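Chain letters run A, B, ... following the sequence lines, proteins first and then strands; every chain starts at 1. Just so it is clear, the model here is predicted, and its values are computed rather than measured.
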Amino acid sequence: MIQLYNSLTRTKEDFVPIGDEVKMYVCGVTVYDDSHLGHALSSIIFDVLARYLEYRDYRVKKVQNFTDVDDKIINRAKSDGVPWEEITERYINSFYESIDGLNVRRATVEPRVTEDMPEIIGLIERLIDCGSAYELNGSVYYRVRSNPDYGKLSGQNIDQMLEATRGELESGKENPADFALWKAVKPDEPMWESPWGPGRPGWHIECSAMAFKHLGEQIDIHGGGLDLIFPHHENEIAQSESASGRVPFARVWMHNGMLRISNGQEMSKSLGNAFNVKTALKEFSPDAIRLWILQSHYRSNPLLDKKLMGDAERSMRRIRSAAEITAEDVIESEKSLNADSYKRRFIEAMDDDLNTPQALAAIFDLCRKMNRSRTDGIDVSDAAELVRELTGVLGFTLEAPPKKAEGLTDTAVEALVQQRKAARAEKRWADADAVRDQLDAAGISISDTGGETAWSRS
RNA sequence: GGCGACGUGGCCAAGUGGUUUAAGGCGGAGGUCUGCAAAACCUCUAUUCGGCGGUUCGAAUCCGCCCGUCGCCUCCA
């Protein structure tokens, strides 16, 4: 039985989907800049969740949106002096480049706000009809007081929040905590026609509308970063439940932790220290980045530190070399390593609220067991197959790290390797070592196994 | 001010009442293998879980206080 921690109830709960298909919605990105490693963290975690659910024989429909109408996009368009559509197009492509590079599978549906405008407007109309929203000067606001449950996710209560929000308040709202569902048009901003006049949707309504459209009015899992709990997810719950009358809107709310940067501060865009995914991928393999993330539990706050990614790169080599063992590499043997207990450990760990550090520990232990068994003349090809299976569930590619562009060509390396081979055959060790040093300097490492010499770029 | 998270070895990080005197990874030390290396394997690397009290037959795990770090309450994965 899979158990997941539900932010709404603050407990781990047995996961029981409503229907025969898991309906999962994950808050996507606002496309106004390149993706940073925080996005990578969230994407990888919910990628692993979807992969694991499928591994456990669930059918999964995952919806992840693009917010392509937003203040930050408008501002970016202004500062770049281009139409806002160009900004969103550019960064949607950039997002895909990053996410593909990280071997994150695409969601089943990836809706954009601009493409689901009729549903958004329709949902706002429903909210007005049921008394949960009101129009004011061409804008529409959600009436927070209409919902006694408001605040249940974040543990906030309206009065306390208001104390904190003293100061600038939009005039005319019934309650300062009421939030915009529809924003009346301002000069030079994207706009759509609506029953309340031209304007654009508020931030929160899109997710409710898209979840309703693509998944239905009650869903199994809703995911996103911890920072979205308030106000975004709180508002999403309020809107969705007011409109549909179905409670809860999402059975399980899952929130991933925030990246920490080395000096202890949160990594946030406003600090301007975002670490670009594409930049990271130039230096580290997607597997190293994934391992670095999955070695912490998804609800913790991993340290963003290049050293740790480098450590993960080295760790990956162990797993990769174990996974690379195929039937041909195996010594003829009657005895075969039975890896069932490792598979059970893996599943047990993942069932327990996606405990990837424990699941990885099972894989590392299995790799060690395989190496040990191999020297004992035991057939480990089935175990290697299991390593491939389990690492696949975690989304690893098992591909070697990116090749350094500079340096020697393959043929040049081969020539040097042959040169060294000759030297070794004649026991001219100094010459052989000189070649090895030369290769090493060019970022190529060598290993002599049996009669053969293997080389790889590091 | 309100809501919340966290503090485990040199670094990262599981574990949340007994089979854990604490998994796994990285790093380090020694060894096997090797011409020497690399990789791999073996052994070692926290009697201890921020501090102080308490509950309990028994706590890193529960309770209280204190110290420290961080997040949310405004846009953020």
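Side-chain contact between A/Arg345 and A/Asp365: present, with at least one pair of heavy atoms (C-beta onward) separated by less than 4.5 Å.
Separating the P atom of B/A40 from that of B/C66 is a span of 49 Å, rounded to the nearest Å. Separation of the P atoms belonging to B/A14 and B/G25 is 15 Å when rounded to the nearest angstrom. Here, B/A39 and B/G27 have their P atoms 9 Å apart, quoted to the whole Å. Look at the P atom in both B/C72 and B/C26: the space between them is 33 Å, to the nearest Å. Spacing between B/G28 and B/U19 at atom P, rounded to whole Å, works out to 33 Å. Going from the C1' atom of B/U45 to that of B/A38 covers 23 Å, rounded to whole Å. Rounded to whole Å, the separation between the P atoms of B/G30 and B/U47 comes to 22 Å. With both ends at atom P, the span from B/A22 to B/G9 equals 14 Å, rounded to whole Å.
Ring planes of A/Tyr55 and A/Tyr52: tilted class, angle from 30 to 60°.
Nearest nucleotide to the A/Arg260 side chain, out of B/C41, B/A39, B/A13: B/A13. Looking at the side chain of A/Phe230, the nearest of the listed nucleotides B/A77, B/C72, B/C12 is B/C72.
Rounded to whole Å, atom P of B/C73 lies 13 Å from atom NE2 of A/His232. Taking atom CG of A/Leu259 as the reference point, atom P of B/C6 lies 17 Å away to the nearest angstrom. B/U34 atom P lies 12 Å from atom CG of A/Asp448, rounded to whole Å. Regarding A/Leu303, its CG atom lies at a distance of 16 Å from the P atom of B/C6, rounded to whole Å. In this structure, A/Ile325 atom CD1 and B/A39 atom C1' are separated by 12 Å, rounded to whole Å. Between A/Ile319 atom CD1 and B/A39 atom C1' there is a gap of 15 Å when expressed in whole angstrom units. Remark: P of B/A77 and CG of A/Asp33 are 11 Å apart, rounded to the nearest angstrom. Here the C1' atom of nucleotide B/C11 and the CE atom of A/Met309 are 15 Å apart, to the nearest Å.
Between A/Lys369 and A/Val29, the one whose closest nucleotide on RNA chain B sits nearer the 5' end is A/Lys369. Of the residues near RNA chain B, A/Gly28 and A/Arg10, the one whose nearest nucleotide (by heavy atom distance) lies more toward the 5' end is A/Arg10.
Nucleic acid contact class of A/Ile446 (heavy atoms, under 4.0 Å, all strands): base. Residue contacts for A/Asn371: at a heavy-atom cut-off of 4.0 Å it reaches the sugar-phosphate backbone alone, with no base atom in range. When heavy atoms are screened at a 4.0 angstrom cut-off, A/His297 is found touching the sugar-phosphate backbone but no base atom. A/Ser300 comes within 4.0 angstrom of sugar-phosphate atoms only, judged by non-hydrogen atoms across all strands, and of no base. A/Gly151 comes within 4.0 angstrom of nothing in the nucleic acid, heavy atoms only.
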What string of B, S and - do you get for nucleotides 20-25 of chain B 5' to 3' if you count protein non-hydrogen atoms under 4.0 Å? ---BSS
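In summary, the side chains of A/Asp287 and A/Ser285 do not present any donor paired with an acceptor at a separation below 3.5 Å, with no hydrogens or angles considered.
A cation-pi arrangement is found for A/Arg106 relative to A/Tyr96, the charged atom lying closer than 6.0 Å to the ring centre and inside a 45° cone about the ring normal.
With hydrogens and angles ignored, the 3.5 Å screen pairs no side-chain donor or acceptor of A/Arg200 with any backbone N or O of A/Lys183. A/Ser300 places no side-chain N or O within 3.5 Å of a backbone atom of A/Pro302 that could act as its donor or acceptor partner. A donor-acceptor pair under 3.5 Å is formed between the side chain of A/Glu234 and the backbone N or O of A/Lys152.
Of the residues in residues 415-436 of chain A, those with a non-hydrogen atom less than 4.0 angstrom from any atom of RNA chain B are A/Arg420, A/Arg424, A/Trp429, A/Asp433, A/Arg436.
Dashed line: the shortest gap from a side-chain N or O of A/Asn355 to OP1 or OP2 of B/A14 is not under 4.0 Å. Contact check, A/Arg374 against B/A39: no side-chain N or O comes under 4.0 Å of OP1 or OP2.
Qualifying side chain to side chain donor-acceptor pair (under 3.5 Å) partners for A/Asn338, counting only residues two or more places apart in sequence or in other chains: none. Shown here are the ring-ring contact (aromatic ring centres under 6.0 Å, His included) partners of A/Phe95, two or more places apart in sequence or in another chain: A/Phe66. For A/His232, the ring-ring contact (aromatic ring centres under 6.0 Å, His included) partners at least two apart in sequence or on another chain are A/Trp203, A/His204.
When each of A/Thr67, A/Thr88, A/Asp68 is paired with A/Thr114, the side chain to side chain donor-acceptor pair (under 3.5 Å) condition holds for A/Asp68 and for no other.
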Taking only Watson-Crick and G-U wobble pairs with both distances under 3.5 Å, what dot-bracket line describes RNA chain B, where [ ] shows pairs that cross earlier ones and | shows pairs with another strand? ((((((((.[[[..)..(.....]]]((((((.......))))))....[[[[[..)....]]]]])))))))....
Are A/His222 and A/Tyr25 close enough, and set up right, to give a ring pair (Phe, Tyr, Trp, His ring centres under 6.0 Å), and what steps lead you there? CA-CA 5 Å; A/His222 192 122; A/Tyr25 187 94; 5.0 Å; yes
List the steps, then state whether side-chain contact (heavy atoms from CB on, under 4.5 Å) holds for A/Val69 with A/Arg112. CA-CA 9 Å; A/Val69 183; A/Arg112 304 180 187 188; over 6 Å; no
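Salt bridge present: A/Asp47 and A/Arg290 bring a charged side-chain N and a carboxylate O closer than 4.0 Å.
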